[in-house]
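The structure under discussion appears below in the form of structure tokens.
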Amino acid sequence: MAGRERKVTPVGVATQVEWSKAAGLLAYIDRGVVMVVRTDGAGRRRLPLPSEGAPFVTHLAWAPGGADLAVAARTTRGTVRSVVWLLSADGRM
């Protein structure tokens, strides 16, 4: 970041932010949804998750090397439960 502060992207309610220096991406949770954006603010997009009971993301972490993202979520199909997915930065499982 060259020692200077800057705004990367507007968000609604960000509850966690993770940075993958290797991938040049930030991943953050905004109201239960995973968003990914390049560190220059470009390419902001929602990271799709399986539609398994309307997942509400609670935690995320980049894998060492920054190519994959572990995502923990609560789902509401039937009984409320927690699940963990491993996704690539482009949303593939």
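Only heavy atoms go into these numbers, but all of them, side chains included; no hydrogens, no water, no symmetry mates. Note that the structure is predicted; figures quoted are calculated from it, not measured.
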So, applying side-chain contact (heavy atoms from CB on, under 4.5 Å) with Val36, which one of Arg46, Glu18, Arg45 is it?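 Checked Arg46, Glu18, Arg45 against Val36; only one passes side-chain contact (heavy atoms from CB on, under 4.5 Å): Arg45.
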Nearest 0.5 Å please: distance from the CG atom of Leu49 over to the OG1 atom of Thr75.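 Going from CG on Leu49 over to OG1 on Thr75, the span is 11.5 Å.
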Nearest-0.5 Å distance, CD1 of residue Ile29 to OG1 of residue Thr58: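 Rounded to the nearest 0.5 Å, the CD1-OG1 separation comes to 6.5 Å.
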Exercise: identify the closest heavy-atom pair between Leu69 and Ala27: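 Where Leu69 meets Ala27 most closely, the heavy atoms are CD2-CB, 3.9 Å.
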Distance-minimising heavy-atom pair for Gly66 and Ala23: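 The answer is O-CB, 3.4 Å.
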Under 3.5 Å, side chain of [X] to main-chain N/O of [Y], donor-acceptor pair present?
X     : Y     : answer
Asp30 : Val11 : no
Asp68 : Leu86 : no
Gln16 : Leu60 : yes

Would you say the side chain of [Y] lies within less than 4.5 Å of the side chain of [X], judging by non-hydrogen atoms?
X     : Y     : value
Trp19 : Thr39 : yes
Met35 : Leu47 : no
Val37 : Leu25 : no

The test is side chain to side chain contact (heavy atoms under 4.5 Å, CB included); show your working for Phe56 and Val33 and say whether it passes. CA-CA 7 Å; Phe56 185 89; Val33 173; over 6 Å; no
As a quick check of understanding, evaluate side chain to side chain contact (heavy atoms under 4.5 Å, CB included) for Tyr28 and Arg44, giving each step before the final call. CA-CA 11 Å; Tyr28 61 94; Arg44 183 174 63 162; 3.2 Å; yes
